[in-house]
Amino acid sequence: MAAILEVKNIEKIYPDGVIANKDVSVSVEEGTIHAIVGENGAGKSTLMKVIFGITRPQNGTISFQGQEVNFKSPDDAIQQGIGMVHQHLMLASDLTVAENLVLGIEPKRRGIFLDDHEMIRLTREVAQRFSLEVPPDKKIKDLPIGIRQRVEILKALYRKAELLILDEPTAVLTPQETEVLFRTLKQLKANGKTILFISHKLREVKEIADRVTVMRDSQVITTEDAAKLSEEDISHLMVGRDIRTERIPQSETTGEVVLETKGLSFVNEDEIFVLKDVSFSVRAGEILGLAGVEGNGQTELVKLLTGLLQPTDGEIFVRSKAISGLSPRKVREIGLAHIPEDRMENGVADQASVKENLIVDRYYKAPYSRRSRLLWKTITDHTLDLVKRFHILTRNVDTPVNSLSGGNIQKVVVARELSADPDVLIASQPTRGVDVGSEEHIHSLLRQVRDEGKAVFMVSADLDEVLKLSSRILVIYNGEIVAHIPDPSMVSAEDLGPYMLGVKRQEDLGAEIHS
Amino acid sequence: MQKFILRNFTLIRTLIAIALGIVISIFLIYVISETPGFSLKSFLIAPLLSKSRLSNIVENATPILFCGIAIAVAFRAKQFNIGAEGALFISAAVGTAFAVSTSMPIFIHIPLVLLVAAGAGAAWGFIPGFMKAKWGASELVASLMMNYVAYFLGLYLINNFFRDKEAGFLVSYRLPESARLAQFLEGTRMHYGVFLALGAALLIYYLMFHTTLGYEIRMTGHNQGFSRFGGIKIFKIIILVQVIEGALAGMGGMTEIMGIHGRFNWQMSPGYGWEGIIVAIIGREHPILIIFASFFLAYIRVGGQSLNLLADVPFELVTVIQAVIIILITAEAFLGRFKYKLTVNEAKREEAGDESLA
Ligand SMILES: Nc1ncnc2c1ncn2[C@@H]1O[C@H](COP(=O)(O)OP(=O)(O)OP(=O)(O)O)[C@@H](O)[C@H]1O
Ligand SMILES: [Mg+2]
């Protein structure tokens, strides 16, 4: 079979002097699913951006469908039949799903007027064709990240992409959603489309990819048939050494209730009950995991817990102290830290430096400032310490966060929140986008927090993560808690599925959740 | 050498832009003027040779600098309040009203008058600030409209209540001596206001980069979601930056009245608020750079006046020349490619160095 994409000797150096791709050559066969793997900062996203015409390489050539191409912008790439879904989604958040889908090629009535009905009809049609369900008339900013990503995929498909580039598409999806996505991808492949995708989840790579390219330190280490490599082989190639996956046993000692919600409800702007009568409690020394398909109220629940939204009804207690109505600052001072689900939305200020991003919750306190004066020396030392402890790959502490790779931005957020030494940690998708090694590292840190007698409330789309880390599991569906699993070691991902999809629910949950 | 250029790239780029702007002006002057050599001298050299022109530069730079840092504070928080002009005008009127109606010892009167003017400006900035924070009303539109209100309100106040009927013009009573900023150089109008402006710039620099409030302002400008998440009160910041802007611009207006005119004599809005926007942009919203930008802008303004006065070049052309220089400086991408090339070379060199060591 012929190569649809041929990348040769790409060299990319960023304006700040970072060499992100060094003599990179990859050949992608038509009609295959081709995975790119590598540690955070290995240069994967950069390579994709080069292919898609977002950034220009210093050297090297790219041929697409047998022709040497030289894309000046993503528009050129789209014209030629390449579509891309970015690691950090790029939709217009004030527009609706339908408007985003047809952006730039809108259906018009009499050539001028936007045809809303047609737009919505088209959206429904495309969504159905690729079995990716989306709400056509909802605004992007009101949607959870998982759904936003579907919109991006649909957008590329709608533009008739022959080659679809997906930069970590599954980082934001639940297993069910991933399964749906993979079915879609296989179907696309059967129709002769080519898919190039990045993932840190090696199991997925094994499951779906025909070929795998491994990158390390800005270079391609190898490209192989996926069938020829085991997960261990791949991770070995990625890091150049073996990764130990350590099992830390569940802690036995749980203490008093630290975080508690009672009858929490939230009605959003569209007057829809996003959360209904949510009650649970988290004890010191345990990790309570919340499982559920994204968009079932998790986002709002976390925002309520952290003071970013105020509940319509109900109350939240930290150590029996009611916290609703308190500002985010006050909530933090009571001892709550928060890893947000969308790192770009509120986890970081991407133009600010790594240093400035690491102090947003503590800049006003000693030792970072004294009588309103920032003590930069202390802040720099503090930053250097965190960069080292959390293995953040950055040129220096003054580098703006937007020059870091996706996984490293996540590490900045995690480093800040974990180093806040909270009593309660609200962790939403804590390992989103980080590589296997860093995931292990963050997991062991979360366990450490738990073992220090802190309460952890974790929301994750990654069921494996929930099952692996949680002391107990709650399942949320349509804004309600529908199941409580007191002992996760007794269940598997398959057991949780029916609850997550709303086909099954436990009755009389009330008292038990507070166990 | 490459490293040196890279490290000081912004400065070097600005200097090149200025040089280019001047070359273009030389070209334009040669085309238009009958006596190009003389014209050129009046434009570029004359302002630096005479004491009175030098002092003109300083006088001019003073209110521009006040307005420049004022606007920079708001812009840093991504609050596009362009109401410095209005704040300056209304504050000068209110401050004058206060000064002519009170009498006190000089060391109390001066600071008090300045405080009243700053307070008026602060109140002026509070209005769009509050409307933005509370209802999301565009501060750009609100502050723009309020510039007109300030103008008419200021004139109304002075003309109806504080007008000196004995003067032949529409001017206020004279400020009492105790409310005058002294001129410190015989034969010029240079007054102590310039030191206040420089002091304010240093203070704002310190505020923006070395205090917690400055951090809050800058983070709010970068990403409001992030700031809120971290516990910064954005509501407060949105209002506060515009209050600070108004207060600083107000001081700028008042020092001009106290140091130069000695009475409120503006029949037109003086335009320092608009020049403040220009220097805030040239100075990349950085108080220290804005100092240089203000003096530079004042210099080419004074040069333009002398060019117009001494030589045969119309003032319109002067404006064109100024515009060329400003546009070149503010063009982000100017020489960007050159810089990138240097970076790439440097990176490759380092890389090669690394390998040879390994
Ligand atoms: N805009 C930029 N400016 C400067 N350096 C950058 C920029 N974007 C990325 N880099 C640097 O280039 C290197 C490769 O980054 P890239 O985003 O390609 O990594 P990645 O393999 O996609 O990692 P991840 O798995 O974390 O997403 C990193 O060292 C990163 O810091
Ligand atoms: Mg990436």
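Each chain gets a letter, A, B and so on, in the order its sequence line appears, and its residues count up from 1. All values derive from a computational prediction rather than experimental measurement.
Atom NZ of Lys139(A) is surrounded by 12 or fewer heavy atoms from other residues, nucleotides or ligands within 6.0 Å. Counted within 6.0 Å of CZ on Arg370(A), heavy atoms from surrounding residues, nucleotides or ligands total 12 or fewer; the atom is thus considered open. Within a 6.0 Å radius of OH in Tyr368(A), more than 12 heavy atoms belonging to other residues, nucleotides or ligands are found. Crowding of Lys330(A) atom NZ: a count of heavy atoms from other residues, nucleotides or ligands under 6.0 Å not exceeding 12. For Asp217(A), the CG atom is loosely surrounded, since the number of other residues' heavy atoms within 6.0 Å does not exceed 12.
The backbone N or O of Leu308(A) sits less than 3.5 Å from a side-chain atom of Arg228(B), completing a donor-acceptor pair. Looking at Asn223(B), its side chain does come within 3.5 Å of a backbone N or O of Val348(A) through a donor-acceptor pair.
Residue contact with chain B, scored on non-hydrogen atoms closer than 4.5 Å, is absent for Glu333(A). Heavy atoms closer than 4.5 Å to chain A are found in the side chain of Tyr206(B), but not in its backbone. Looking at Asn402(A), neither its backbone nor its side chain comes within 4.5 Å of chain B, counting heavy atoms on both sides. Contact of Tyr14(A) with chain B is made through the backbone alone, with heavy-atom distances under 4.5 Å. Contacts of Gln351(A) with chain B are made by both backbone and side-chain atoms, with heavy-atom separations under 4.5 Å. Within the 4.5 angstrom heavy-atom criterion, only side-chain atoms of Arg416(A), from C-beta onward, approach chain B. Only the side chain of Arg332(A) comes within less than 4.5 Å of a heavy atom of chain B; its backbone N, CA, C and O stay farther away. Heavy atoms closer than 4.5 Å to chain A are found nowhere in Leu207(B), neither backbone nor side chain. Of the two parts of Ser369(A), only the side chain, counted from C-beta on, holds a non-hydrogen atom closer than 4.5 Å to a non-hydrogen atom of chain B. Neither the backbone nor the side chain of Lys365(A) comes within less than 4.5 Å of any heavy atom in chain B.
One distance of note links NE2 of His210(B) with CG of Leu375(A); it measures 11.0 Å at 0.5 Å rounding. Summarising the geometry, atom CZ belonging to Phe229(B) is positioned 4.0 Å from atom CD belonging to Glu417(A); distances are rounded to the nearest 0.5 Å. Between atom CD of residue Glu356(A) and atom NE2 of residue His222(B) there is a gap of 6.0 Å, rounded to the nearest 0.5 Å.
Across Ile13(A), Asn346(A), Asp361(A), the residue that shares the most heavy-atom pairs under 4.5 angstrom with chain B is Asn346(A). Residue with the most contacts toward chain B among Asn357(A), Val331(A), Asp350(A): Asn357(A) (heavy-atom pairs, distance under 4.5 Å). Most heavy-atom pairs under 4.5 Å with chain A: of the set Gly225(B), Gly221(B), Gly214(B), this distinction falls to Gly225(B).
Tyr364(A) and Glu216(B) share no donor-acceptor pair across their side chains, judged by distance under 3.5 Å alone.
Taking every heavy atom of both residues into account, Ala349(A) and Met219(B) meet most closely at CB-SD, 4.3 Å.
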Give the C-alpha distance, both sets of side-chain angles, the deciding distance and a yes or no for side-chain contact (heavy atoms from CB on, under 4.5 Å) between Tyr363(A) and Thr211(B).
CA-CA 9 Å; Tyr363(A) 65 91; Thr211(B) 70; over 6 Å; no
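Using a 4.5 Å cut-off on side-chain heavy atoms (C-beta onward), Val360(A) and Tyr215(B) make contact.
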